[in-house]
Amino acid sequence: MTQLQDLASVPNIHGHFGPYGGMFVPETLMKPLQELETAYHVAHQDPDFQTELNTLLRDFCGRPTPLYFSERLTEKLGGARIFLKREDLLHTGAHKINNALGQILLARRMGKSRIIAETGAGQHGVATATVAARFGLECVVYMGAVDMQRQALNVVRMRLLGAKVVAVTAGQATLKEAVNEAMRDWVTHSGTTHYILGSALGAHPYPMMVRDFHRVIGEETRRQILEREKRLPDLLVACVGGGSNAIGFFHAFLADASVRLVGVEGGGEGILPGRHAARFQGGKIGIFQGTKTWLLANADGQIESTHSISAGLDYPAVGPEHSLLHELGRAEYDYATDSEALEAFQTLSRLEGILPALESAHALAYVCKVAPALSRDQIVIANLSGRGDKDVQQVAEMLDILIQK
Ligand SMILES: *Cc1c(COP(=O)(O)O)cnc(C)c1O
């Protein structure tokens with residue numbers, strides 16, 4: 001298990017990533033999960049499935065995305081050369097559509113007529129509503145009432161795409177509660193319904209399947225940097241909510257020991273209970289929403305409330321594969337605070353003419369911190385997981401920029 005090559009072969013057939021992962025669900029969910037796992041294995045090995053997926057990734061979503069040399073950011077920081085993997089340029093504005101598209105193709109093969117999803121920032125809901133419209137399937141998206149307010153524009157987008165958005169008011173009324181509602185729906189309707197889970201989280205086979213649909217990010221990056229620079233990068237940086245953009249970005253480099261991998265979690269207002277979403281800082285190992293992984297819980301094992309400026313990072317558990325990479329030391333995990341992310345958001349906007357998603361701004365904040373100390377011949381690649389259009393109103397309020405009254 002400590003061999004780097006072995007990392008490419010997790011999870012095992014039971015969905016275990018070393019001691020993490022698994023299928024910790026009520027018995028009623030075992031059957032739909034096993035049906036999904038079987039269908040996925042067949043599809044994954046079917047060249048027709050891969051061809052259809054790749055064609056739509058290219059023509060509908062806009063792959064491959066560019067690897068962009070961030071010249072002015074590099075100049076300003078004065079250290080390593082910085083590249084950005086431009087997932088923000090994908091259709092619907094974030095990496096999420098890689099997975100939503102893969103899963104809806106699978107749902108069609110399985111003969112499902114109805115799609116459900118949960119969403120935090122709204123990006124996964126928008127991606128799911130988009131592919132559901134494209135294939136003419138009924139779509140219901142569960143979203144925390146608080147997130148619906150933070151991301152009002154995405155709610156409108158989903159409704160315009162024909163999806164039904166259901167407000168979830170339980171608990172903190174954010175992503176965690178939306179996942180619970182979606183699982184409840186799935187238990188009742190699994191005969192007709194496929195649940196498109198939005199991150200590398202939850203019970204097996206989701207963490208594996210979602211990762212596989214995002215592996216294209218790292219595969220393209222590897223090819224692009226080798227073509228351009230004739231060598232591998234020194235450091236890859238990605239933000240980590242559930243961990244899907246990060247694992248998709250990292251995966252093609254796992255066996256390259258010279259490439260450092262850093263995941264950046266939401267540090268919120270600092271590492272105090274209830275004020276952040278950095279599971280590897282002040283978290284512990286436990287079982288939550290179907291999987292064994294690092295999470296934020298109090299001494300009694302109750303899930304802690306979380307906070308991040310960014311709805312997409314505001315979740316108490318991390319994907320199980322990241323827990324394994326953390327344990328093996330293959331990837332490192334750090335955090336950026338709300339104010340550091342906000343600063344990085346402005347830096348990229350002004351220097352490069354790119355408004356990043358607040359989630360992606362966490363990865364950029366880390367790059368801004370470490371790049372100056374690296375030498376000019378080193379290469380850093382940050383995954384720009386999404387664009388910042390959805391965050392404009394929130395950022396305007398925080399920076400006190402007047403939106404015309
Ligand atoms: C949802 C989202 C994230 C966080 O999700 P991961 O599964 O950790 O990738 C990050 N960036 C953007 C733009 C998102 O929409």
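Quick note: residue numbers are just sequence positions, from 1. In listed order, ligands and their atoms are each counted from 1.
Every pair passing salt bridge (Lys or Arg N to Asp or Glu O under 4.0 Å) that includes a residue from residues 176-205 is listed here, sequence neighbours excluded: R114-D185, E181-R184.
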Can I get a per-line list of side-chain donor-acceptor pairs under 3.5 Å for residues 12-19, giving both atom names and the distance, sequence neighbours left out?
unit_1	atom_1	unit_2	atom_2	d
N12	OD1	H14	N	2.9
N12	OD1	G15	N	3.1
N12	OD1	H16	N	2.9

Without placing hydrogens or testing angles, list every side-chain donor-acceptor pair under 3.5 Å for residues 157-169, not counting sequence neighbours.
unit_1	atom_1	unit_2	atom_2	d
R157	NH1	N154	OD1	2.5
R157	NH2	T92	O	3.4

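Under the side chain to side chain donor-acceptor pair (under 3.5 Å) test applied with H95, the options S385, S244, S360 reduce to a single match, S244.
Note on E138 versus K112: no salt bridge recorded, every NZ/NE/NH1/NH2 to OD/OE distance being 4.0 Å or above.
Residues Y142 and Y195 place their aromatic rings such that the two centres sit no closer than 6.0 Å.
At a 4.0 Å heavy-atom cut-off, the residues surrounding ligand 1 are A94, H95, K96, Q123, S199, C239, V240, G241, G242, G243, S244, N245, G312, A357, E359, S385, G386, listed by chain and number.
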